[in-house]
Amino acid sequence: MRAVRQTEGPVLILAGAGTGKTRTITARIAYLIANGADPATILAVTFTNKAAGEMRERVADMVNSAEAALVTVSTFHSLCVRILRQDIEKLGYKRNFTIYDQSDAISLVRQLITRVAAKDEKLEPNAAQNLISRAKNLGVDAPTDENAEQTLAGAVFARYQRELRRLNAVDFDDLLLLAVKVLREHEDVRTKWAARFRYLMVDEFQDTNGLQLELIRRLATGDRPNVCVVGDDDQSIYGWRGAEVRNILEFERHFPEPTVIALEQNYRSTDHILGLANSLIRHNPRRRAKQLWSGRGAGEKIRLVAAPDDREEAIYVVGDLHRLKLETGISWEDFAVLFRTNAQSRLIEEAMRERGIPYRVVGGQSFFDRREVKDVIAYLRLLLNPADDVSLLRIINAPPRGIGETTVARALEFSIKRQTNLHAALSDAEFAAALSAKTRGAIGEFVALLDRFEARMFAPLADRAEVARAFLDESGFIADLRRSCRTPEEADRREESVFDLLQDLGRHSGAAGEKGLRDFIDRLSLESDREEETPESGHGVTLITLHAAKGLEFPHVYVLGLEEGLLPHERSRADGTIDEERRLLYVAITRAKQRLTLTHCSTRFRYGQALPRQASSFLRELDVAHLEFVDFAKELAKPATEQAAKSSFARMREILGN
DNA sequence: CCCGCTGTGATTTTT
DNA sequence: TCACAGCGGG
């Protein structure tokens, strides 16, 4: 297979849906090693920790474990952390910088808005953080024009970047931005890292943004660097968060005269499913031509169902999969219900519960909770970087220790005036002088606590997990955590998740002293603490958004709401991203292995109102040869009048325009 | 500290 | 419609 053996020079592997993308990359790595490449010079970059983990596992299966361990398989962000932990000083940051995740960033933005905004000005922290993030992913690290400082958002942006620097902190976007910056501006640094990696591989290349492309370009050495990217332009669905399909469409511009290999054999779906997918995606302009085929046989036609409203749609889908399950005995895990927006899952959930069918909702945003875990991280971060005000503010009153809001506000003011951080302000004699004896005592105790544990944590031969446990205990955090719970069970659960974390810290076989703890915290900061929720692990039918479904596959798939305004989403018309919506449907269709059902409604309830709906314009693009029109009324096994059946059939024909 | 009132806004989501 | 944030009162 050429995709595996062409190891020299730039290679572009166009890997269509279900063509064995990950398998190809891992086989390449194994092939490289078998042919004498030094494993330590191989770098494979992915987007998610999950993908990196899977790849690492598969490499370990193919080559001996000592060699596998030398290969660098990493996400873009953790690769950047690695670069920055070594070389960020060139940019004027200290090496012990703290990494802020999105919620840390939002809380900093919130603070700044209250500090900067006039009485009548309003700005949502969430929206502002989003704006800043978008800008940074375009490579912009400050508001562009002079006016920008005058708008609230611009002022917050400028202030935010300055604050991060003062706090010796970087956010997720900075990781990319600063890593690229240091490689761009310091040739010695660039040469060092480029020399390390002789073979570069990038997964899901269609999802890269400008910064990520630049990172790869700067790491790639020589006229014909060994850069192999794998991706599928037809599955580019993250444009809205900065991904540039252009990167894959114009690969030759960045890496001239590449070997281009198209993987077109699909190992997943039936011919009808692939045929349908092909007929749809053909309507996209500007794509790398490819035609997927499979040897899996024709299979069933794709069923297109028109439901009267979203409630009936849900009842139908759930009823249909229930029936199928009873008839064939396949397991619940083989089913997935896909939808454009999270809100759509509700009706499905209700219908599932009514029938007692087990299900799991993937995604959503349940990862902002786990308050106690974030608190523990804040405690530990503070030991590594006392200048980290966001962490300090998070824990200064957990537990309440007599340092009230007023005192904190004063300390903040003092720290701003002195151009320093909160920790320094709290330790400052002049600041203390202005306080009551009681407050002074409370602050003194708090600062002493931090200093004492900083010394203990980084003492030679310190047992990090044990020191951390004592820290959380003696600070009163654990007791406060338990106290704040409503039930003893909840208290146990939360305390246990803290101890799990500490146990993990104990097991973490890192270096002694600061580095070991920092590696551990870096890992925690970069991995969202959402539980492992792979479709295999849970029980039940998978309910999932179209976006989150990318990369997964299921024997039986239902795609809901193929209606104008929902898929394509109404926003996409104004944004000019209809192509991306089409790719989204393409991704959805290609998730199915055996049986696929598409549905749409004539009426949908939104914000309490019944809205008339039109079928998605995408339906007209589908090749009818692969479709079967399901008579909704009949399928529901309700006594339907012939008239109703006829009219619904006529409507469907009308919709499809043939 | 907690409860209930009011106002608001409502794609997609990983690191 | 409904969920959630922010606020004021008990």
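Quantities reported herein were computed from a predicted structural model and do not represent experimental measurements.
A parallel orientation is assigned to the rings of A/Trp193 and A/Phe197, their planes being inclined by less than 30° (bins at 30° and 60°).
Note: CG (A/Asn126) to P (C/dC4) measures 13 Å, nearest angstrom. The OH-P distance, from A/Tyr607 to B/dG7, rounds to 20 Å in whole Å. Remark: P of B/dT15 and CG of A/Asp207 are 12 Å apart, rounded to the nearest angstrom. Following rounding to the nearest Å, A/Glu349 (CD) and C/dC2 (P) show an atom-to-atom distance of 15 Å. Atoms CD (A/Glu570) and P (B/dT12) sit 12 Å apart, rounded to a whole Å. Atom pair A/Asp173:CG and B/dT13:C1' shows a separation of 13 Å (rounding to whole Å applied). Look at CZ on A/Arg340: it is 7 Å from P on B/dT12, rounded to the nearest Å. The NZ atom of A/Lys50 sits 12 Å away from the C1' atom of B/dT14 (whole-angstrom rounding).
The neighbour count for A/Arg573 CZ, taken as heavy atoms of other residues, nucleotides or ligands under 6.0 Å away, does not exceed 12. Around atom CZ of A/Arg218, more than 12 heavy atoms belonging to other residues, nucleotides or ligands sit under 6.0 Å away. Summarising the local packing, CD of A/Glu350 is surrounded by more than 12 heavy atoms from other residues, nucleotides or ligands at distances under 6.0 Å.
For A/Leu526, the side-chain atoms get nearest to B/dT15 when compared with the rest of B/dT12, B/dT11, B/dT15. Side-chain atoms of A/Thr341 lie closest to B/dT11 of the nucleotides B/dT14, B/dT11, B/dT13. When each of C/dC2, B/dT13, B/dT15 is scored by its nearest atom to the side-chain atoms of A/Trp240, the top-ranked nucleotide is B/dT13.
Each of A/Leu584 and A/His77 was assigned the nucleotide of DNA chain B with the nearest heavy atom; the assignment lying further toward the 5' end belongs to A/Leu584. Nucleotides of DNA chain B nearest to A/Ser572 and A/Thr75 differ in position, and the one nearer the 5' end is that of A/Ser572.
Both thresholds, 5.5 Å between centres and 30° between ring planes, are not jointly met by A/His547 relative to the base of B/dT13, so the two rings are not stacked. Applying the 5.5 angstrom centroid cut-off and the 30 degree plane-angle cut-off, the aromatic ring of A/Tyr238 is not stacked upon the base of B/dT12.
On the C1' atoms, B/dT12 is 23 Å away from C/dA5, given to the nearest whole Å. As rounded to the nearest Å, C/dC2 and B/dT13 have P atoms that lie 22 Å from one another.
A cation-pi contact links A/Arg85 to A/Phe97, judged by a cut-off of 6.0 Å to the six-membered ring centre and 45° from its axis.
Within 4.0 Å (heavy atoms only), A/Asn130 reaches no atom of the nucleic acid at all. Counting non-hydrogen atoms under 4.0 angstrom, A/Glu581 reaches a base of the nucleic acid. Among the atoms of the strands shown, none is found under 4.0 Å from any heavy atom of A/Arg110. Counting non-hydrogen atoms under 4.0 angstrom, A/Phe47 reaches the backbone sugars and phosphates but no base.
When the side-chain nitrogen and oxygen atoms of A/Asn49 are compared with OP1 and OP2 of B/dT14, none of them lie within a distance under 4.0 Å. Within the structure, a side-chain polar atom (N or O) of A/Arg346 is placed less than 4.0 Å from OP1 or OP2 of C/dA3. The phosphate of B/dT15 (OP1 or OP2) has no side-chain N or O of A/Asn137 nearer than 4.0 angstrom.
For the residue pair A/Asn168 / A/Asn96, a side-chain donor-acceptor distance below 3.5 Å is found, with atom types taken as modelled.
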